[in-house]
Asker: 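Once you've had a glance at the structure underneath, I'll fire off some questions.
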2 protein chains.
Amino acid sequence: MSSANPHAWSEHARAVLARAGRQRGGARERVIELLARQPCALSAVEIEDELRARGEATGRASIYRVLDLLVEHGLAERVTVGQGQARFETVDPTGEHHHHLICERCGRLVAFDDPGLERAIDRVGQRLGMRVERHDVLLRGACERCE
Amino acid sequence: MSSANPHAWSEHARAVLARAGRQRGGARERVIELLARQPCALSAVEIEDELRARGEATGRASIYRVLDLLVEHGLAERVTVGQGQARFETVDPTGEHHHHLICERCGRLVAFDDPGLERAIDRVGQRLGMRVERHDVLLRGACERCE
DNA sequence: ATAGGAACGAGAATCAGTCTCATATTGTGG
DNA sequence: CCACAATATGAGACTGATTCTCGTTCCTAT
Ligand SMILES: [Mn+2]
Ligand SMILES: [Mn+2]
Ligand SMILES: [Zn+2]
Ligand SMILES: [Zn+2]
């Protein structure tokens, strides 16, 4: 499905930010590198803890700033899977993305993508005459194993 | 759009909770009655304020307790619109429901429903061979006013 | 009416996320 | 290489929603 090459994404992210006139900085570099190699979404707190554990302690404010910046530039997105805290994951520059089905029995998170669903969402936007810039879809139910 | 008859929903909610062996109580009654007549999702804080304004001040803990109970029993659902607070709305026993588009400029929440989207979601479930019991869809963009 | 189990509510405690502001870095022009 | 102005960073205070605690009050089945 998605999740291309981590190196490609971090390069892309740096390029986009440079083009936007941002200077470089250590905190940003650390967050980008960490995010680039994640298979799944991380929360800001997890990022803070993981960086500290690696001896790369980074200020909380900087972490949130970097995350906001990435989201603003479409380089990452906020994934809200529960009620708790926001999680963040990289966005593939090709626009390719996926959605999730969460099994309410065992908690397993399954990713999927579906062109028919994407088309239906586009049509909703047109019908409502609103500019839909992004969309979140989360299906809840039972996975094959728990069925 | 949706939002059948408020009276029907509150009756249904009371019946479900009674059947589950719950005793009645004032806070619960107030939250149910308030929720029953809402056209769209309210946050716990809005519920607290609205009740206080009506001279029916209700403890915050009770409000959250009632809300959790309703969600547990499938009588209401949590709508996570942003990072801040969760919003809650009644779930129609007939399965009728709607989704939301949030304007990222002014914060306005717009409700909509769309059979094509529902069909697309059903197909995804079938294609994946999973039982999809509920689904969350949130479109983000700009509303007519802010376009 | 009464007892035991729910339900309530006031307020303290949590905790993710935000703000402030002093300091450290970075990139540019000279 | 140097000075400067424009960012970027981080410690820690602060916010605001949600959760916890625990003594009090309400329900309801005998
Ligand atoms: Mn999609
Ligand atoms: Mn739907
Ligand atoms: Zn499962
Ligand atoms: Zn708007």
Side-chain angles (χ1 to χ4, degrees), chain A residues 13-34 41-52 54-73 75-88, chain B residues 13-35 41-52 54-73 75-88 104 107 109:
Chain A
R14 279 187 209 95
V16 168
L17 296 177
R19 204 175 312 137
R22 293 328 196 98
Q23 289 184 180
R24 293 159 140 278
R28 191 132 83 211
E29 200 52 34
R30 276 171 255 143
V31 172
I32 287 178
E33 280 307 309
L34 177 59
L42 282 187
S43 70
V45 173
E46 288 169 343
I47 292 172
E48 185 176 12
D49 293 346
E50 174 63 20
L51 289 178
R52 184 182 312 110
R54 293 186 185 187
E56 301 184 327
T58 299
R60 186 179 319 138
S62 299
I63 292 174
Y64 281 104
R65 266 190 302 246
V66 172
L67 257 12
D68 286 347
L69 193 67
L70 293 173
V71 170
E72 268 170 37
H73 289 270
L75 294 165
E77 76 183 342
R78 248 186 204 87
V79 176
T80 328
V81 158
Q83 353 71 329
Q85 76 279 42
R87 307 182 81 80
F88 298 81
Chain B
R14 279 187 209 94
V16 169
L17 295 177
R19 204 175 310 139
R22 292 326 196 100
Q23 289 183 182
R24 293 160 138 280
R28 191 131 83 210
E29 201 51 34
R30 276 170 255 143
V31 172
I32 287 178
E33 280 307 309
L34 177 59
L35 226 43
L42 282 187
S43 70
V45 172
E46 287 168 344
I47 292 173
E48 184 176 14
D49 292 346
E50 174 62 21
L51 289 178
R52 183 182 313 111
R54 293 187 185 187
E56 301 184 328
T58 300
R60 188 177 315 139
S62 299
I63 292 174
Y64 281 104
R65 266 189 303 247
V66 173
L67 258 11
D68 286 347
L69 193 66
L70 293 174
V71 170
E72 268 170 37
H73 289 271
L75 295 166
E77 74 184 344
R78 222 178 228 101
V79 177
T80 324
V81 152
Q83 345 70 339
Q85 77 281 36
R87 307 182 80 82
F88 299 81
E104 297 194 314
L109 195 63

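Since the structure is predicted, the reported quantities are computational estimates derived from the model, not experimental observations. Protein chains get the first letters and strands the later ones, always in sequence-line order, with residue 1 at the start of each. Any value given below was found using the heavy atoms of this structure, including those in side chains, with hydrogens, waters and symmetry copies removed.
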Asker: Taking the side chain of A61(A) as heavy atoms from C-beta outward, which of dT18(D), dG10(D), dA6(D) is closest to it?
Answerer: dG10(D)
Asker: I'd like to know if R65(A) reaches the base of dG10(D) with its side chain such that a donor and an acceptor end up less than 3.5 angstrom apart.
Answerer: yes
Asker: Starting the side chain at C-beta, find the nucleotide from dA16(C), dT9(D), dG11(C) nearest to V45(A).
Answerer: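 Out of dA16(C), dT9(D), dG11(C), the nucleotide with an atom closest to V45(A)'s side chain is dA16(C).
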Asker: Just to be sure I understand the rule, does Q85(A) reach a base, reach only the sugar-phosphate, or reach nothing, if contact means heavy atoms closer than 4.0 Å?
Answerer: sugar-phosphate
Asker: To the nearest 0.5 Å, tell me how far I63(A) CD1 sits from R60(A) CZ.
Answerer: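 Nearest 0.5 Å value for the CD1-CZ distance: 8.5 Å.
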Asker: Taking the minimum atom-to-atom distance to the side chain of R30(A), which one of dG27(C), dA10(C), dG10(D) wins?
Answerer: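 Nucleotide nearest to R30(A)'s side chain: dG10(D).
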Asker: More than 12 heavy atoms of other residues, nucleotides or ligands under 6.0 Å from CZ of R24(A): yes or no?
Answerer: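 No, not enclosed.
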Asker: Taking OP1 and OP2 of dG9(C), is either one under 4.0 Å from a side-chain nitrogen or oxygen of S62(B)?
Answerer: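 So the side-chain polar atoms of S62(B) do come within 4.0 Å of the phosphate oxygens OP1 or OP2 of dG9(C), strictly under.
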Asker: Please classify the nucleic acid contact of T58(B) as base, sugar-phosphate, or nothing, using heavy-atom distances under 4.0 Å.
Answerer: sugar-phosphate
Asker: Separation of L67(B) atom CG from dA17(D) atom P, in whole Å?
Answerer: 14 Å
Asker: Where the side chain of R22(A) is defined as all heavy atoms beyond and including C-beta, which of dT18(C), dA6(C), dA8(D) is the nearest nucleotide?
Answerer: dA8(D)
Asker: Could you give the CD1-to-C1' distance, from I63(A) to dC19(C), as a whole number of Å?
Answerer: 16 Å
Asker: When rounded to the nearest 0.5 angstrom, what is the spacing between CG in L67(B) and OG in S43(B)?
Answerer: 9.5 Å
Asker: Drop me the distance from F88(A)'s CZ to R78(A)'s CZ, to the nearest 0.5 angstrom.
Answerer: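 Result: 4.0 Å between the selected atoms.
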Asker: With heavy atoms under 4.0 Å as the rule, sort R28(B) into base, sugar-phosphate or nothing.
Answerer: sugar-phosphate
Asker: Between CZ of R30(A) and CG of L51(A), what distance do you get to the nearest 0.5 Å?
Answerer: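 It is 7.0 Å, given to the nearest 0.5 Å.
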Asker: Please report the distance, rounded to the nearest Å, between CG in D68(A) and P in dA8(D).
Answerer: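 Those two atoms, CG and P, are 13 Å apart.
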Asker: Using OP1 and OP2 only, check whether a side-chain N or O of Y64(B) sits under 4.0 Å from dT18(D).
Answerer: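 Indeed, a polar side-chain atom of Y64(B) lies that close.
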Asker: Closest approach to the side chain of Q23(B), judged atom by atom: which nucleotide of dA6(C), dG17(C), dT9(D) is it?
Answerer: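 Shortest atom-to-atom distance from the side chain points to dA6(C).
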Asker: What is the nucleic acid contact for A27(A), judged by heavy atoms within less than 4.0 Å: base, sugar-phosphate only, or nothing?
Answerer: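 Sugar-phosphate: the residue A27(A), judged by heavy atoms under 4.0 Å, touches backbone atoms but no base.
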Asker: Measure the distance from CZ on R60(A) to C1' on dC14(D) and round it to the nearest whole Å.
Answerer: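 That distance rounds to 11 Å.
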Asker: 5'-most contact on DNA chain D: R24(B) or F88(B), nearest heavy atom basis?
Answerer: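 Checking each residue's closest nucleotide, the 5'-ward one belongs to F88(B).
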